[in-house]
Amino acid sequence: MSCRRASCRIELVRKICTRRVSARGLIARGVRARVARFAVGAGPSRSTPRQSSRSAVRSTAVATRRPKPKPPLKIRTGTAATTQPTRFKSADVQQSVSLRLATGMDNSAAKAANVTLDRSSSSASAKSPRRPGVAKAPARRNDNHERNHDAKGDVSLDAMTVHAVEIRPAGTVVSRRPLTKRPAILHLPHQPVVQLKPPAWMLEECHVASARAGDQAEILQLLSGLPSPPSKAEFHAAVDHPDHDSANRLVARLAGRIVGHVEIVPRSVRVGGGTVSAAVLDRVAVLPECRGAGHGQRLVRAAEGRMRQMGVAIALSRTRIAPSFHELGWSVLGRDCATPGRPTAILSRLLEGPKRDGEPVTMRQWRHVELPAILRIYTQNAARFVGPLDRSEAYSRWLVSRGAFDSIIVALMGQDRYDLHETTARIVGYCVQSGNRVMELFADPEFPGLEREILSRVCAEAIENDRQEIVYESSAADPLHQAVAGGESLVSANDRMIVAKVFKPFEVLTATAPAVAARVVAAGIRETVELGLDAPGFRGSIIVANGNATVHAGRSGRSYLTLSDEELARLLLGQSDPVEAAAAGRLHASTQVAEKLAMQLFPRVPLWCPMWDDLPA
């Protein structure tokens, strides 16, 4: 009988959920609130003494069995059923119950149903008056069991009224957290700095020596990791350089393996109108797994020793690790300016600018017989910079024979005829291109503004060839960078820094002496002036009298400058501002006359190192 009653109760609860029987009809049939408790997982009612022992054991097992994790009831989304509270006529009943059924939650009775009770002050076991058609509560109850329920905080469901039934969709999760606005949690990436320590065998001192003939394959594999790696043909074509020497290629060996490489390229550099012997450190590379062990610094020190043996006065290099060179005593001169831009935007800005006055020019591709004219224009413009190479005719022919360019555009004034001596048509400008890069663009100083017309022709050809971007490379002081950038920042992440180290300050100061004397004459100074230089690596002075300048070693005079070797290199190469250096503490003037003379004798000069000479073929 007990199992049959339990089945009837479950069936009635299902009918309530499917709206077949209302809660008021349920009460009219005499089903008490204990059925609702059984429906939410409290188990069937206890067996009475009139039940058989088998049914009593079975009901006890059902009551004590732990419910399964699966929800006992599935309700479709959007289903809701509520009833109005039903009250008995008798005033003795003061208890009421609010029942909420929710599915998709835990199977415990405390999480599956929320029951609120209002207990009367008289007794928790008060009986409700009997109405027709209402089932009578069990006559006998175990007092000890009632006390156990009261001690555990359980609630007796006798004489209770179903107040409301709320049904939520399956899977609904009811949060018990307060509805307060909590601060947002920002999950910032935590990347701790890990100091990578090379293995012990990599920390050993490497052996630096000149490369051998059998090292070419291993050197090519090492140089393949550079941003602009040389090709195999370019690597072998280096032997055709006019000043090539096999001892100028140094490699670092560690455990019989080549881990580093540096190449010394001898050159002649123009400084202050004169020419001094120089060398360029090119293709400095170290294996990635061997970096951080000091092999690169050992290579640079070995290259410095080699350049001193060669009698080099200035060492130059392009690098993206300028701080590493600064630790070795190198001076940071400036950056290698490369400005990208869209050809259509550049052309529109150039056409809106001022027009050049004078005869129109004709532009076309160059001819090999016009190389002397291109060299003439280069020499005319290189005199106003510090760092360009002194190109001879033999060097220029070797530079052209490398093929490290795509096209050379020349601008002619006059009739375009095949002329060897420029008698009918004079070449007044040229532009060297490699892909979308503009390597060199110069015009005759007698035709100011012609550079804008040449750049307009370059942009027109780029638009015709469907190129979306061009890169203009020149000195940072070139005004065409503003036309290319169009108001954007001229500093690019791809720019490399130009670093230098002066080995022979006396030779460099002697080469700049004619330019210093010309500046004194231009300033209108007629009396004799002397400025001394006191640095750890050099002590001397320069004296200007009657338009001539002479350099004297070993004396500094009354008005002199005290500075470091790095600041001395920047001062001699025209990349130092004496007032700014004095304010920063890098330079100290003995008198005010010394500071004024430094500003007049060593002003800032634009820095430019041509990229065409270092471009891989």
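All of these numbers come straight from a predicted model, not from anything done at the bench. Counting from 1, the numbers follow the sequence of the chain as shown.
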Check step by step if salt bridge (Lys or Arg N to Asp or Glu O under 4.0 Å) holds for D390 and R267. CA-CA 8 Å; D390 186 19; R267 287 175 180 174; over 6 Å; no
Who pairs with E527 by salt bridge (charged side-chain N to carboxylate O under 4.0 Å, His left out), at least two apart in sequence or on another chain? none
Does any part of the side chain of [Y], heavy atoms only, come nearer than 4.5 Å to the side chain of [X], both counted from C-beta?
X	Y	answer
V410	I374	yes
I314	L316	yes
M307	L281	yes
V579	E595	yes
V471	T339	no
S331	K501	no
V262	D282	no

Can the ring centres of W330 and F503 be said to be less than 6.0 Å apart?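 Centroid distance W330-F503: not below 6.0 Å, so no.
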Rounded to the nearest 0.5 Å, what's the gap from SG on C431 to CH2 on W366? Could you check? 13.5 Å
Quick one: pull up CD in E327 and CD1 in I321 and give me the separation to the nearest 0.5 Å. 10.0 Å
Going by an N to O cut-off under 4.0 Å, is there a salt bridge joining R397 and E393?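 A salt bridge links R397 with E393.
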Can you list every salt bridge (charged side-chain N to carboxylate O under 4.0 Å, His left out) pair that touches residues 564-575, not counting sequence neighbours? E567-R570, E567-R586
Under 3.5 Å side-chain donor-acceptor pair for [X] and [Y]:
X	Y	answer
H261	R283	no
S268	T275	no
Q600	R519	no
T550	H552	yes
R496	T319	no
Y472	D478	yes

In terms of heavy-atom contacts, does CD of E469 have more than 12 from other residues, nucleotides or ligands at under 6.0 Å?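 Yes, enclosed.
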Y560, OH: over 12 other non-hydrogen atoms inside 6.0 angstrom: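 No, OH of Y560 has 12 or fewer neighbouring heavy atoms, counting only those of other groups under 6.0 Å.
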Compare every heavy atom of [Y] with every heavy atom of [X], then report the nearest pair and how far apart it is.
X	Y	result
S210	L250	OG-CD2, 3.9 Å
G435	R467	O-NH1, 2.7 Å
D336	C609	OD1-O, 4.4 Å
V269	A278	CG2-CB, 3.3 Å
L573	A500	CD1-CB, 4.0 Å
I409	E461	CD1-OE1, 3.6 Å

For the pair F405 and W612, name the ring-plane relationship: parallel under 30°, tilted 30 to 60°, perpendicular over 60°.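 Ring orientation of F405 relative to W612: perpendicular.
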Does the plane of the ring in F538 sit parallel, tilted or perpendicular to the ring in F506? Use 30° and 60° as the thresholds. tilted
Could you walk me through whether R212 and E218 pass salt bridge (Lys or Arg N to Asp or Glu O under 4.0 Å), step by step? CA-CA 11 Å; R212 299 189 292 262; E218 193 171 358; over 6 Å; no
When you measure from the centre of the six-membered ring of Y378, is the NZ or CZ of R391 under 6.0 Å away and within 45° of the axis?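 Verdict for Y378: a cation-pi partner in R391.
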Go through the steps for L287 and L222 under the test side-chain contact (heavy atoms from CB on, under 4.5 Å), then give the verdict. CA-CA 7 Å; L287 283 177; L222 174 64; 3.3 Å; yes
Please check: side-chain N/O of S475 versus main-chain N/O of L607, any donor-acceptor pairing under 3.5 Å?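 Yes, the answer is positive, given that a donor and an acceptor are paired below the 3.5 Å cut-off.
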Decide salt bridge (Lys or Arg N to Asp or Glu O under 4.0 Å) for R437 and E473; before the verdict, give the C-alpha distance in whole Å, the side-chain angles of both, and the deciding distance to 0.1 Å. CA-CA 7 Å; R437 301 170 62 181; E473 302 185 17; 2.7 Å; yes
